[in-house]
Amino acid sequence: MEKTEEFIENRIKWRATKHDLPNKNVLLFENLTDDKKAEYLTHFNENDCGKLILLFTDSKKYWTAIGTKQIIGFDGANYNSVELNSIKDVDSKNRKKYFEKAEAGETKLKKIKKRNESKLLITDFKGKDTIFLTKKGSDLFSLWNIMMMIEQLNKKNGYNNV
């Protein structure tokens, strides 16, 4: 069964409310002024990203937006995006590095402080990793949880080789 854009939008909004979003740093895209919307859409085509739903801001330089077709981000220098139906895995960048080092047998690993995490790592079905930024702590975990929901929808739909 294929999920419609309206279904994806409703699921993202529903999951956002479970994390007390929107908040000071996470905005509903539809509530932005037309000028602000245009500022974020300058480098992306709405046909590609779908309807933008949530905007996670870290600063004027860094942001991540979730649309009905893509997650889009700006890291201060580069714009990047991942199609939602190509998301295979979601993790914290530092957590993934930590476990890779642990598996390699490196000793004296520092414990990861979750509240200091701000980089979400998304891996697509082709194995490409893309990092998306947001505020540290609860905003990152809200974004992470929403993307895990998308990952689970992909598994249910049988996407595995986009």
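Any value given below was found using the heavy atoms of this structure, including those in side chains, with hydrogens, waters and symmetry copies removed. All residue numbers in this chain count up from 1 along the given sequence.
Taking each heavy atom of L27 and P22 in turn, the nearest pair found is CA-CB, 4.2 Å. The shortest non-hydrogen separation linking A16 to L54 is CB-CD1, 3.8 Å. Considering all non-hydrogen atoms of both residues, G67 and L84 come closest at O-CD1, 3.1 Å. Contact detail for F44 and N80: the closest heavy-atom pair is CZ-O, 4.1 Å. Summarising the geometry of I72 relative to C49, their closest heavy-atom pair is CD1-CB, 3.3 Å, with the distance given to 0.1 Å. The two atoms that bring E30 and K13 nearest to each other are OE1-NZ, 3.1 Å, heavy atoms only.
Using a 4.5 Å heavy-atom threshold, the side chains of K135 and L140 count as separate. Residues M149 and I12 form a side-chain contact, since some pair of their non-hydrogen atoms from C-beta on lies under 4.5 Å apart. Annotation: side chain of I131 is not in contact with side chain of L120 (no heavy-atom distance under 4.5 Å). Between I8 and L153, some side-chain heavy-atom pair lies under the 4.5 Å cut-off.
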| task | Evaluate side-chain contact (heavy atoms from CB on, under 4.5 Å) for R15 paired with L21, printing each intermediate quantity in order. | result | CA-CA 9 Å; R15 182 63 70 177; L21 301 178; over 6 Å; no
| message | Does I66 form a side-chain contact (heavy atoms from CB on, under 4.5 Å) with L52? I'd like the steps, not just the answer. | response | CA-CA 6 Å; I66 303 173; L52 291 180; over 6 Å; no
| Verdict with reasoning, L32 to L55, per side-chain contact (heavy atoms from CB on, under 4.5 Å) | CA-CA 10 Å; L32 297 177; L55 177 66; 3.9 Å; yes
| said: Apply side-chain contact (heavy atoms from CB on, under 4.5 Å) to residues V82 and K128 and explain how you reach the verdict. | reply: CA-CA 9 Å; V82 175; K128 180 183 176 204; over 6 Å; no
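Atom NZ of K136 sits about 12.5 Å away from atom CG of D139, to the nearest 0.5 Å. Note that OG of S81 is 8.0 Å distant from CG of D48, once rounded to the nearest 0.5 Å. How far CG of L121 is from CH2 of W144: 9.5 Å, rounded to the nearest 0.5 Å. Taken from CZ in R11 to OG1 in T68, the straight-line distance is 15.5 Å, to the nearest 0.5 Å. In this structure, the separation between CE on M147 and CD1 on I71 is 4.5 Å, given to the nearest 0.5 Å.
Under the 3.5 Å distance criterion, the side-chain polar atoms of K119 are left unmatched by any main-chain donor or acceptor of L133. Between the side chain of N145 and the backbone N or O of F141 there is no donor-acceptor pair closer than 3.5 Å. Remark: side-chain polar atoms of S86 are not paired, donor with acceptor, to backbone N or O of D124 under 3.5 angstrom. Side-chain atoms of T57 come within 3.5 Å of backbone atoms of N25 as a donor-acceptor pair (strictly under, hydrogens ignored).
Connection of Y79 to L41 is established within a shared hydrophobic cluster, with ILVMFWY side chains joined at heavy-atom distances below 4.5 Å, either directly or through further cluster members. Residues V90 and V26 share a hydrophobic cluster, clusters being chains of Ile/Leu/Val/Met/Phe/Trp/Tyr side chains in contact below 4.5 Å.
Taking a 6.0 Å sphere around CD of E6, one finds it holds 12 or fewer heavy atoms contributed by other residues, nucleotides or ligands.
Q152 pairs by the side-chain contact (heavy atoms from CB on, under 4.5 Å) definition with K155, not counting sequence neighbours. Listed by chain and number, the residues in a ring-ring contact (aromatic ring centres under 6.0 Å, His included) with Y62 amount to none (sequence neighbours excluded).
Tested against W63, the residues F56, F132, Y40, F29 include a single ring pair (Phe, Tyr, Trp, His ring centres under 6.0 Å) partner, Y40.
Donor-acceptor pairing under 3.5 Å is recorded for the side chains of D129 and T123. Inspection of the N154 and N85 side chains reveals no N or O donor paired with an N or O acceptor under 3.5 Å.
A salt bridge links E5 and K69; the closest N-O separation between the charged side-chain nitrogens and carboxylate oxygens is under 4.0 Å. For K51 and E9, the salt-bridge test passes: some basic side-chain N is under 4.0 Å from an acidic carboxylate O.
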